[in-house]
Each structure stands twice: as structure tokens, then as C-alpha cells.
Amino acid sequence: MSPLSNWFFNIVSSVLLALVITLVTRLVLSKRDDLEADPDAPGDDPDALQLSARERTGLLRATIVFGLAAVAIVAVLIPHGSPLRGENGSIVESPFLDGIAMVVAVLFGLVGITYGVTVQAIERAADVPKLMAEGIKQMAPVLVLFFAIAQSYTVPLAVAMTVAWTLLFLAWWALGIPLGPGAPVR
């Protein structure tokens with residue numbers, strides 16, 4: 001089996017679940033009486049959300065680096081004899097997809113470092129691990145809070161997603177639609 005063997009079903013499932021999450025959030029969760037605005041939260045001051053010229057330049061450069069890296073990855077994958085391809089030139093069962101986590105990590109690292117250097121948050125290589133650790137340190141309390149809140153606020157979401165996804169799968173199976181390239185449902 002390849003990572004693409006259930007591609008068709010995953011695409012439809014993603015769209016369906018996004019719609020279900022949006023509907024349940026808008027129609028059920030946002031109507032809860034116990035939800036109140038945080039009085040300590042900063043106001044919605046649009047001027048405070050403006051990017052500086054340096055930040056806009058950083059985003060532009062990071063976008064360019066992302067685009068160039070994506071083009072380079074595709075260019076390396078195009079030749080039939082590429083070392084990133086699998087047997088018989090397959091991309092589906094290949095070293096590229098086996099190591100996709102590393103590809104994504106390097107790509108995100110390049111984009112982040114480009115932005116950091118441009119906005120002068122990164123002045124030397126030793127700054128990168130420090131900034132990564134600082135980012136995780138700042139997010140950790142919020143993640144713990146999200147996990148705690150998720151226990152009570154996501155029961156309607158979990159039920160709705162389970163029902164919707166199960167109905168989708170049963171309909172998919174009944175219609176005999178392939179799960180993905182070369183992966184029949186039966």
C-alpha cells in the first residue's frame with residue numbers, strides 16, 4: 001500500500017469534516033451560555049496588527065524561498081531515474097515519500113530561517129535552536145489548556161464527525177468508488 005492508496009476518500013473526507021466542524025461550531029458550540037469574552041484579552045485594534053516594512057519583506061523572501069524550494073523538489077523528482085524515485089520510477093513508493101517528514105521539516109526550516117534573518121531575529125546559527133525552544137516554551141501552557149478545554153467542548157464535534165464520516169464511508173462503499181489510485185473499495 002502507498003500513502004496515496006486512499007487519496008480520493010481522504011480528499012472528500014477532509015472537505016466533509018471541515019464542513020461538519022464549521023456547522024457544529026457555528027450552530028452548537030458558539031451558542032453556549034458559558035462562553036464569554038476574556039476581559040484581559042487585548043482589544044481588536046487594527047493598528048496593532050500592522051506589519052512593518054521589514055516583516056513584509058521577510059514574508060516576501062520566505063515565500064520566494066518556499067517557491068524556489070518547491071520548484072527544486074519537483075525538478076529533482078521529474079527525471080525518471082531520480083534517486084528520490086522508487087522502483088520503476090515510482091513516486092508513490094519512493095524514498096521521497098518515505099522521508100517526506102524530513103522534506104517538510106527542511107522546507108519549513110528554510111522558510112523560517114529566511115524570515116528570521118530578514119527581520120533580524122536570527123543573527124547567527126546558534127539563535128535558531130534558542131528561538132525554536134522559546135517558541136515551544138511559549139506554546140506549552142496554551143497546549144495544556146487546549147487539551148483540558150477540549151475534553152468538554154469537543155464532545156458535540158466528536159459525535160458529529162463520527163456520524164458524518166461513518167455515513168460517508170458507508171455511502172462510498174455502497175457506491176463502490178475507489179479509495180484512491182489503484183485501491184478499489186472492495
Side-chain angles (χ1 to χ4, degrees), residues 3-4 6-7 10-74 95-165:
L4 298 179
N6 61 353
W7 197 26
N10 280 346
I11 291 170
V12 175
S13 292
S14 298
V15 173
L16 173 71
L17 293 180
L19 291 172
V20 167
I21 290 168
T22 301
L23 287 173
V24 171
T25 301
R26 287 184 156 281
L27 300 176
V28 178
L29 296 179
S30 66
K31 307 283 188 218
R32 291 180 63 125
D33 293 334
D34 59 345
L35 295 179
E36 298 177 10
D38 183 0
D40 298 328
D44 291 332
D45 181 13
D47 293 331
L49 301 176
Q50 298 298 319
L51 296 175
S52 69
R54 185 179 293 163
E55 290 169 331
R56 280 192 296 277
T57 302
L59 287 175
L60 177 62
R61 288 181 181 172
T63 302
I64 290 169
V65 165
F66 178 82
L68 291 173
V71 166
I73 290 168
V74 170
F96 173 71
L97 283 185
D98 288 344
I100 194 69
M102 184 58 144
V103 173
V104 170
V106 168
L107 187 60
F108 283 2
L110 287 172
V111 169
I113 290 169
T114 301
Y115 179 80
V117 168
T118 303
V119 300
Q120 298 177 343
I122 299 173
E123 295 176 355
R124 57 189 176 280
D127 292 341
V128 175
K130 290 177 188 173
L131 290 170
M132 290 171 66
E134 184 62 31
I136 296 296
K137 189 168 80 174
Q138 290 175 0
M139 284 190 336
V142 174
L143 290 174
V144 171
L145 180 64
F146 285 167
F147 290 141
I149 291 172
Q151 299 306 311
S152 59
Y153 286 100
T154 61
V155 170
L157 282 173
V159 170
M161 289 188 305
T162 301
V163 168
W165 190 85

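All residue numbers refer to positions in the sequence shown, counting from 1.
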Exercise. Sequence neighbours left out, what pairs pass salt bridge (charged side-chain N to carboxylate O under 4.0 Å, His left out) with at least one residue falling in residues 135-160?
Key: E134-K137
Quiz prompt | Which residues share a side-chain contact (heavy atoms from CB on, under 4.5 Å) with V117, sequence neighbours left out | solution = I113, I122
Practice problem: State the CG-CG distance between L23 and L29, to the nearest 0.5 angstrom. | Solution: 11.5 Å
Quiz prompt | L131 versus A121, closest heavy-atom pair with distance | solution = CD1-O, 3.7 Å
Self-check item: Pairs where residues 54-65 contributes a residue and the test salt bridge (charged side-chain N to carboxylate O under 4.0 Å, His left out) is met, not counting sequence neighbours
Solution: none
Exercise. Could you tell me the separation between the CD1 atom of I136 and the CD atom of Q138, rounded to the nearest 0.5 Å?
Key: 10.0 Å
Quiz item: Residues in salt bridge (Lys or Arg N to Asp or Glu O under 4.0 Å) with K130, at least two apart?
Solution: none
Self-check item: side chain to side chain donor-acceptor pair (under 3.5 Å) partners of S13, counting only residues at least two apart
Solution: W165
Quiz item: Does V71 have any side-chain contact (heavy atoms from CB on, under 4.5 Å) partners at least two apart in sequence or in another chain, and if so, which?
Solution: none
Quiz item: Can you list every side chain to side chain donor-acceptor pair (under 3.5 Å) pair that touches residues 19-29, not counting sequence neighbours?
Solution: none
Quiz item: If you measure from CZ on F96 to CD1 on I100, what distance do you get to the nearest 0.5 Å?
Solution: 3.5 Å
Quiz item: Do V111 and Y115 have side-chain heavy atoms sitting under 4.5 Å apart?
Solution: no
Quiz item: Roughly how far, to the nearest 0.5 Å, is the CG atom of L59 from the CD1 atom of I64?
Solution: 11.0 Å
Exercise. Using side-chain contact (heavy atoms from CB on, under 4.5 Å) as the criterion, list what pairs up with P95, not counting sequence neighbours.
Key: none
Quiz prompt | side-chain contact (heavy atoms from CB on, under 4.5 Å) against L107, all qualifying residues, sequence neighbours excluded | solution = F66, A69
